[in-house]
Novice: 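Just dropping this structure here.
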There are 2 protein chains.
Amino acid sequence: MNEYTNEITLLKALSHPARLAILEALRPGEACVCHLEALFGWRQAYISQQLMVLRAAGLLADRREGWNVYYRVTRPEIYTLIDALHQISQSGETAPLPIPPPSCTCPRCQEKGARRFNKHPHLEEVNPTL
Amino acid sequence: MNEYTNEITLLKALSHPARLAILEALRPGEACVCHLEALFGWRQAYISQQLMVLRAAGLLADRREGWNVYYRVTRPEIYTLIDALHQISQSGETAPLPIPPPSCTCPRCQEKGARRFNKHPHLEEVNPTL
DNA sequence: GCATGATATTCATCTTTTTGAATATGTTTT
DNA sequence: AAAACATATTCAAAAAGATGAATATCATGC
């Protein structure tokens, strides 16, 4: 179950209101920490913590200039994901569900001589690594 | 900070390898629990738990047919998000970072008479609700 | 070098997630 | 109704995440 390691790291970094808000604030371009501090009215340390998470996930890079540290998004593609997220979240709850699709392709359901009282086939015969 | 409630619920539902894998398995269409059980080789109760999370997030619906319960994705748009996720995750670590973008639009940085030793402007003057 | 401003990190605590184990629910066949 | 099956739910312990408080780092101006 070590699949999706990168994906999960990324998703977890995004799964926080403050971090989503920060990414939104960075959409137009880079910003220094003091900007975010003033914009959101959060404690400096708190913002720094969240920036750390986003940076650890590889989403942000920083650049020092005198007193200030400027953060920027390193993967603008993240906004494609975020936009999709908003779209899905906004659509009214459980829409008028589509007509039930065709029947299951389950290995068991597929068995030709599918006797109804039967143990599952052994996993080895069935699992072509998804 | 009650913003993004729906978004966070959705992201958290996705932030789990087993659940991502399940959604992947459901991409071609609906499947019964025994299918997933055989496909992944996980405990039945475990799969049911993960399905519950996805259902609670409004991503899945179920349909009973005799012995089996068939699950299907109610919001195919989720795959747009997942595809974006994979794309971002696969791109090699921190790509050759783009040239540092233009300077910060931070309220402080914007102040015309920006005296360098100055307190931040009061938040009320600055925070137009992001 | 020292004081100050901006940002980062560590620590401790509290809450949430994860996941195995046990058990419950509901359906079908006999 | 009882047995067999498929799936769902509850519980508890361990792991991970969130966050306030305190403190550290590092650049700048004197």
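Below, chain A is the first sequence line, B the second, and so on; all start at residue 1.
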Novice: Only counting residues at least two apart or in another chain, list the ones meeting side-chain hydrogen bond (donor to acceptor under 3.5 Å, both in side chains) with A:S15.
Specialist: B:S15
Novice: What is the separation between atom NE2 on A:H35 and atom P on C:dT7, rounded to the nearest whole Å?
Specialist: 12 Å
Novice: Nearest of D:dA22, C:dG5, C:dT7 to any side-chain atom of A:V33?
Specialist: C:dT7
Novice: Output the single nucleotide from C:dA8, C:dT7, D:dT7 whose closest atom is nearest the side chain of A:R55.
Specialist: C:dA8
Novice: Side chain of B:D62, heavy atoms from C-beta onward: which of C:dA21, D:dG20, D:dA8 has the nearest atom to it?
Specialist: D:dA8
Novice: Rounded to whole Å, how long is the line connecting atom CG of A:L14 with atom P of D:dA18?
Specialist: 12 Å
Novice: Checking contacts here: which listed nucleotide (D:dT7, C:dT7, D:dA22) is nearest the side-chain heavy atoms of A:S48?
Specialist: C:dT7
Novice: Without decimals, in angstroms, what is the distance between A:I47 CD1 and C:dA8 P?
Specialist: 10 Å
Novice: Roughly how many Å is it from CZ in A:R64 to P in C:dG5, rounded to a whole number?
Specialist: 15 Å
Novice: For C:dG20 and B:R43 - does any side-chain N or O of the residue sit under 4.0 Å from the phosphate oxygens OP1/OP2?
Specialist: yes
Novice: Give the B/S/- string for nucleotides 10-16 of chain D, one per nucleotide from 5' to 3', where a protein heavy atom under 4.0 Å of the base yields B, of only the sugar-phosphate yields S, and otherwise -.
Specialist: B------
Novice: Can you tell if the side chain of B:R19 reaches within under 4.5 Å of the side chain of A:Y4, non-hydrogen atoms only?
Specialist: no
Novice: How many whole angstroms separate atom CG of A:L51 from atom P of D:dT19?
Specialist: 14 Å
Novice: How long is the span from the SG atom in B:C32 to the CH2 atom in B:W67, to the nearest 0.5 Å?
Specialist: 12.0 Å
Novice: Just how far, in rounded Å, is P of D:dG17 from CZ of A:R19?
Specialist: 9 Å
Novice: Taking 4.0 Å as the cut-off, does a side-chain nitrogen or oxygen of A:Y46 come that near to OP1 or OP2 on C:dT7?
Specialist: no
Novice: Which pairs would a plain distance check flag for residues 49-60 of chain B, meaning a side-chain donor or acceptor within less than 3.5 Å of a matching protein atom at least two apart in sequence or in another chain?
Specialist:
none

Novice: Is there a side-chain contact between B:L81 and A:T80 in this structure, where contact means two heavy atoms from C-beta onward sitting under 4.5 Å apart?
Specialist: no
Novice: Rounded to the Å, how far apart are B:E65 CD and D:dT7 C1'?
Specialist: 15 Å
Novice: How long is the straight-line distance from OH of B:Y46 back to CD of B:E37, given to the nearest 0.5 Å?
Specialist: 13.5 Å
Novice: Taking the nucleotide of DNA chain D with the closest heavy atom to each, which residue, B:A45 or A:Q50, is nearer the 5' end?
Specialist: B:A45
Novice: With sequence neighbours left out, what residues match B:R27 under side chain to side chain contact (heavy atoms under 4.5 Å, CB included)?
Specialist: B:E24, B:Y79, B:I82, B:D83
Novice: Check every atom of C:dT28, C:dA8, C:dT19 against the side chain of B:H16 and return the nucleotide holding the closest atom.
Specialist: C:dT19
Novice: In this structure, how many angstroms lie between the P atom of C:dT25 and the CD atom of B:Q44, rounded?
Specialist: 15 Å
